[in-house]
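What follows is a short report on a single structure.
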Amino acid sequence: MKKVWIIVFGLGYLGLSAQKKWSLKECVSYAVEHNLQVIQNQYNKQNQEYNLKAAQKEYLPSVSGSMTNGVSFGQGSLGAGSFRNDRFNNSVGLGADILLYNNGRLEKNVRKAQFDVEASQYDIETIKNDISLQIAQQYLTALLNKEIVKISQSAVDNAQKQFDRAKITTQVGTTAQTVLAEAEAALAREKQNLKTAEVNVGRALFAIAQLLQLSDYKGFDVEDVNVPEKLDLQLNTVDEVLTTAYEIQPQIKAAESRIRSAEAQTEVTKTAFWPTLTASAGLNTFYNRQFDPMPGTVQGTFFEQYKDQFGQNVGLSLNIPIFNKGKTKLQVEQSKVNESIARNTLEQQKQTVRQNVQKAQFDADANYETYLAAVEAEKSSKLALDFADKSYAAGRTTIYDVNVARNNYANAQGSVAQAKYNYLFSLKLLNFYAGIPLSL
C-alpha cells in the first residue's frame with residue numbers, strides 16, 4: 001500500500017511539474033546558468049584566473065633540492081705506479097634563486113593577467129545578454145501567438161453562432177440553402193485559423209525550450225502576462241541610450257580590457273631590453289668512500305663527512321642583453337600591432353552597438369506608428385462588423401458581407417497585436433541597452 005501511495009504522489013508531482021508556467025525571469029535565469037556557451041566561457045575564465053595566480057607566484061623564490069649517488073670502478077695513478085680506485089660518492093644540495101630586477105616584468109605580467117580575467121568575465125556577460133535577448137523575443141512571440149489564439153477563438157465562436165442561426169433560418173425556409181453552406185464554410189475556415197494559431201504557440205514555446213536546452217519540451221509553457229492595451233511612445237533619444245550603452249555593455253568593456261591587456265603585453269615585451277639581476281643561495285654537502293683504501297687512509301663515517309664537508313653559497317647573477325638577432329625589437333613591434341587590433345575591435349563593437357540601438361529606435365518609432373494605425377483600423381473594422389450584423393439581421397445584406405466584415409475585423413485585431421508586441425520588444429531592447437533589466 002505504501003508503494004501505491006508513493007506512485008500516486010509521484011505522478012501527482014509530475015503532473016504539477018508539467019503544468020508549471022515559466023516567467024521571463026525564470027527562463028533567463030535558467031538559460032544563463034545551464035547554457036553550454038556560458039559554461040564554456042566560464043572555463044575560459046578559470047584558465048585566465050590560473051594564469052593570474054601563476055603570474056602572482058613569480059614573486060616567490062624558486063627552491064629546489066638535489067641528491068646524487070654514484071659508483072666508480074677502475075685504476076688510479078700514483079707516481080710511477082697505480083692503485084685500485086673503486087669508490088662510492090653521494091652529494092646533496094638545496095638551492096634557491098629569486099629575481100631582483102628586470103624593469104618591473106613581474107608586476108607587468110600580473111597586470112596583463114588581471115586585464116585578461118576582466119575580459120573573460122565580460123565575455124560571459126555578453127553571451128548571457130545575447131541569450132536573454134533571444135529568450136525575450138521568443139517569449140513575446142509566444143505571448144503574441146497566445147493572443148492571436150484568443151482572437152481566433154472569438155472568431156470561431158462568432159462563426160458558430162452565425163452557423164447555428166443560419167441552420168435554423170434555413171430549416172424554417174426564411175433563408176436559402178446557400179446561406180447555410182456559406183456559414184458552414186466560414187466556421188470551417190475559422191477553426192482552421194484557430195488550429196494554425198495554436199500550432200504557432202507550440203512552435204514559439206518549442207523555440208524557447210530549445211534556447212533553455214530542455215530535454216523535455218512537450219510540457220513547457222510560459223506565464224500569461226497582462227500587456228497594457230495602450231502603449232506610450234518611447235521618450236529616450238538614441239544619443240542618451242548610446243551614452244549609457246558605451247559605458248555598461250559588456251562587449252564594450254571586454255574590448256577595453258583587451259586594449260589594456262595588449263598595452264601591458266607590450267610593456268612586458270620591452271623588459272627583454274633590460275638587464276636581469278637574480279640572487280641565489282645554496283647549501284650542499286657530500287660523502288665519499290673508497291672501497292679498498294690505501295694503507296694509512298682515514299675515512300670518516302657518513303654523518304661525519306656530511307658534517308665536515310657542509311658548505312653554503314650565495315651569489316648575484318647579472319644578465320645583460322647585448323644582441324639577440326633583433327628578436328626583441330620585432331616582438332615589441334608585433335605587440336604594438338596587437339594593440340592596434342584591440343583598438344579596432346573596440347571600434348567595431350561600438351559600431352555594432354550603435355547600429356543595434358539605432359535600429360531598435362527606428363523599429364520602435366515605426367512599430368508605434370503602425371500600432372496607432374492598426375488601432376484605428378480595428379475600430380473601423382469593428383464598426384463595419386456591427387453594421388454588417390445588424391443589416392444581415394434586417395435582411396438588407398447577405399451572409400457573405402458579414403463574413404467579409406468578420407474576417408476584416410479578425411485581421412485588424414491580429415495587426416494590432418502584432419504591432420503592439422513588435423513595439424514592446426523594441427522598447428525592451430532600447431531599455432536593455434540603457435541598462436534596464438529585461439522584464440514584462
Side-chain angles (χ1 to χ4, degrees), residues 24 129-130 132-155 158 193 196-197 200-201 203-204 207-208 222-246 248-249 350-388 404-440:
L24 176 60
N129 285 348
D130 292 342
S132 300
L133 286 176
Q134 294 178 50
I135 290 176
Q137 186 173 24
Q138 289 298 334
Y139 202 99
L140 288 173
T141 300
L143 295 181
L144 167 62
N145 289 327
K146 283 189 172 187
E147 190 161 334
I148 292 177
V149 166
K150 294 178 182 178
I151 295 172
S152 299
Q153 183 62 61
S154 178
N158 290 330
N193 292 337
T196 300
N200 288 337
V201 170
R203 184 175 287 111
I208 300 175
V222 298
E223 288 183 347
D224 295 327
V225 179
N226 293 324
V227 179
E229 290 295 330
K230 184 178 180 181
L231 301 177
D232 297 324
L233 183 63
Q234 170 70 21
L235 298 179
N236 290 339
T237 65
V238 171
D239 291 338
E240 291 173 338
V241 176
L242 276 177
T243 299
T244 304
Y246 287 157
I248 66 173
Q249 285 301 304
K350 285 185 175 181
Q351 183 183 51
T352 300
V353 170
R354 181 173 64 253
Q355 290 174 344
N356 289 341
V357 171
Q358 289 174 340
K359 183 179 184 301
Q361 183 66 64
F362 178 85
D363 290 342
D365 294 338
N367 291 332
Y368 187 72
E369 294 299 325
T370 302
Y371 167 72
L372 294 179
V375 169
E376 293 301 318
E378 180 189 26
K379 293 178 181 178
S380 300
S381 299
K382 180 65 170 64
L383 185 61
L385 176 59
D386 292 340
F387 282 135
V404 169
R406 185 167 58 244
N407 288 337
N408 290 339
Y409 179 58
N411 290 335
Q413 286 180 302
S415 296
V416 169
Q418 182 75 53
K420 179 171 64 176
Y421 280 95
N422 286 344
Y423 176 62
L424 185 60
F425 178 72
S426 299
L427 288 184
K428 295 301 177 182
L429 189 57
L430 282 173
N431 290 339
F432 165 79
Y433 281 110
I436 301 175
L438 290 171
S439 62
L440 288 176

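Side-chain contact between Asp386 and Lys382 is present, with at least one heavy-atom pair separated by less than 4.5 Å. Looking at heavy atoms from C-beta onward, Lys359 lies out of side-chain contact with Leu429 at the 4.5 angstrom threshold. Between Val404 and Asn408 there is a side-chain heavy-atom pair separated by less than 4.5 Å.
Here the closest non-hydrogen pair linking Ser381 and Tyr409 is CB-CA, 3.7 Å. Shown here for Thr244 and Ala434, the closest heavy-atom pair between the two residues is CG2-O, 3.3 Å. Taking each heavy atom of Ile248 and Tyr433 in turn, the nearest pair found is CD1-O, 4.0 Å. The two residues Ala374 and Val416 have their closest heavy-atom pair at O-CG2, 3.2 Å. Taking every heavy atom of both residues into account, Ala245 and Val353 meet most closely at CB-CG1, 3.8 Å. The heavy-atom pair separating Val222 from Ala142 by the smallest distance is CG2-CB, 4.3 Å.
The main-chain N or O of Asn200 is found under 3.5 Å from a side-chain atom of Asn145 such that the two form a donor-acceptor pair. Judged by distance alone, with hydrogens and angles left aside, the side-chain atoms of Ser415 form a donor-acceptor pair with the main-chain N or O of Asn411 at under 3.5 Å.
Between Tyr368 and Tyr423, the ring planes lie tilted relative to each other; the angle falls in the 30° to 60° range.
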Quick one, Gln361 with Asp365, criterion side chain to side chain donor-acceptor pair (under 3.5 Å). Give me CA distance, side-chain angles, the key distance, then yes/no.
CA-CA 6 Å; Gln361 183 66 64; Asp365 294 338; 3.2 Å; yes
Test Arg203 against Thr141 for side-chain contact (heavy atoms from CB on, under 4.5 Å), laying out the working first.
CA-CA 10 Å; Arg203 184 175 287 111; Thr141 300; over 6 Å; no
Worked verdict on Asn422 versus Thr370 for side-chain contact (heavy atoms from CB on, under 4.5 Å)
CA-CA 10 Å; Asn422 286 344; Thr370 302; over 6 Å; no
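With rounding to the nearest 0.5 angstrom, the CD atom of Gln358 is 11.5 Å from the CG atom of Asp363. Separation of atoms CD (Glu147) and CD1 (Ile151) is listed at 5.5 Å; rounding is to 0.5 Å. A distance of 10.5 Å separates CG in Asn158 from CD in Gln153, rounded to the nearest 0.5 Å. Within the model, atoms OH of Tyr139 and CD of Glu223 stand 5.0 Å from one another, a figure rounded to the nearest 0.5 Å. Here CD of Gln418 is found 9.0 Å from CG of Asn367. Values are rounded to the nearest 0.5 Å. In this structure, the separation between CD on Gln138 and CD on Gln134 is 8.5 Å, given to the nearest 0.5 Å.
In Phe387, the CZ atom is not crowded: 12 or fewer heavy atoms of neighbouring residues, nucleotides or ligands sit closer than 6.0 Å.
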